[in-house]
There are 2 protein chains.
Amino acid sequence: MAIRLRDDESSEIRALRLFSGIDDENFSALIRGAYVQNFPPQIELFTEGETSDFLHVVISGSVELFATWNGRETTMETLQPVSTFIVAATVKAAPYLMSARTLEKSRIILVPSEDVRAIFDADQTFARNVVTELAQGYRGVVRNTKNLKLRTSLERLANYLVHRHTCEDKADVFDLGIEKRRLASYLGMTPENLSRAIRQLEPYGVQVDGSCVTITDAKDLRAFAKPSELIDDPCS
Amino acid sequence: MAIRLRDDESSEIRALRLFSGIDDENFSALIRGAYVQNFPPQIELFTEGETSDFLHVVISGSVELFATWNGRETTMETLQPVSTFIVAATVKAAPYLMSARTLEKSRIILVPSEDVRAIFDADQTFARNVVTELAQGYRGVVRNTKNLKLRTSLERLANYLVHRHTCEDKADVFDLGIEKRRLASYLGMTPENLSRAIRQLEPYGVQVDGSCVTITDAKDLRAFAKPSELIDDPCS
DNA sequence: TTGACCGCTTGATATTTATCAAGCATCACC
DNA sequence: GGTGATGCTTGATAAATATCAAGCGGTCAA
């Protein structure tokens, strides 16, 4: 079960913003207790309410963070490699507020929370990195809230597409990058409405076939979407 | 304009979680450059998009954080004394994602952002506090997102009332604590709908007269609201 | 190859939420 | 005591969004 990290894996997470510039010795201490695990698709990694024992890092595959209440479920975020998640619960030693599941076959590094907290106290640079990571995360959620409260679902979809378009170097054809039903849930709408919303964007030069998106009039779409630096991450 | 802190004011913010346990000398350095300002009601303290030069602390009155897009506006949070705000923008030296305005006559301490960052590097304990504060804030926004995405506006209102009820030591009669139109905006609904939603909660033992709330059947209301530890802050 | 499943779409309908237009209090101010 | 504000409420209506029920077109394993 518990498998030590391969050298290429530890150097991969070493390159993460969170671990950049920290003392070699401290980094070693951090990954000494860490281990890697392979997960098949659709495996629940943890459930909201559980206490957080590990900082997680996706190094391949992808992971969905989601939340539930009263029989309903919504996806909060989907994570691509290489990224860390649930830093906040880790540093607070508090229960998870979200659940996580793999979307595909994924390789995930688990770093014991207590080690993270220990190295945080020992390493100035790491402390700074954690703060930056948290602040980044915080601002991300604030953006998301603004997106949800200030825009209609159609506007959210349009901005999602604009965002993807710029992320893909403004290529006219690109992949949606996420299953439609998950995109719907992420955007706070039903799959049925997403289908209809895509239709509604056709006049603005949007064509979606399966997961393949074609933007024929980016300017028109942007004019409708009105993306804002203070809501839509430039790219991330 | 720029007025040094009175002793009782510095000891008041000294008591804040953010500054607790930090070295006296470092604390002095932190407030050396800080100053207090009195603001009348309805004054905009800063506007989203501006770069953040100060960490703010409300010591009396109250402050609303709000956001705008495309002519629309929504209130994100209202802050009561004593609390700090925009820690994330401060530590990242990034532009504000929200605007702030006073709701009443308010007294606010402004701590230069660069001082905050300097003391962060110099003081272990302060660094830990900042991380805790940020993690807390992050988790708060996540809770808020869950509230928005998983509940209808009626459910959000019911849970807001349950929350206030427990905050007020389960007193059957308490004050709403916020102007109705602001509550509506905070809950992501229109004032008109808030009025109607209050009506709809009458069968669950809720009576609202002006800003005075009467709960006649807390159990019934809770049964409808289904508050969750993972969405609704116990109290804060 | 076939059949079952799954995700997506579509249409019809219901529910939720917003908008618009009065009307009614309250309160500061003349 | 008027007289505008302003915030709240109410009713009528419209728009946004969800739900329900098929149906369609893939994939995958028997």
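These values consider heavy atoms only, across backbone and side chains, with no hydrogens, waters or symmetry-generated copies. Every chain is numbered from 1, with letters handed out A, B, ... down the list of sequences.
Two residues are said to be in side-chain contact when any heavy atoms from C-beta on lie closer than 4.5 Å; A/V208 and A/K180 meet this criterion.
Rounded to 10 degrees, the angle separating the terminal axes of the helix from C/dT1-D/dA30 to C/dC30-D/dG1 is 30°, with each axis obtained from five end pairs.
Nearest nucleotide to the B/R196 side chain, out of C/dT10, D/dC8, C/dA18: C/dA18. Listed nucleotides D/dG7, D/dT17, C/dA18 differ in distance to A/T152; the shortest reach to its side chain belongs to D/dT17.
Taking the six-membered ring where the residue is Trp, B/H56 and B/F54 present perpendicular rings, their angle passing 60° and hence far from 30°.
With hydrogens and angles left out, the side-chain atoms of A/E104 and A/S62 include a donor and acceptor closer than 3.5 Å. In this model, no donor atom of one side chain and acceptor atom of the other lie less than 3.5 Å apart for B/N147 and B/R156.
One N or O donor and one acceptor, one from the side chain of A/E192 and one from the base of D/dC20, sit under 3.5 Å apart.
At C/dA18, one or more side-chain N or O atoms of B/T190 fall inside 4.0 Å of OP1 or OP2 (strictly under the cut-off). The side chain of B/N193 places an N or O atom within less than 4.0 Å of a non-bridging phosphate oxygen (OP1 or OP2) of C/dA18. Between C/dT17 and B/S153, a contact under 4.0 Å exists linking OP1 or OP2 to a side-chain N or O. Under 4.0 angstrom from either OP1 or OP2 of D/dT10 there lies at least one side-chain N or O belonging to B/R199.
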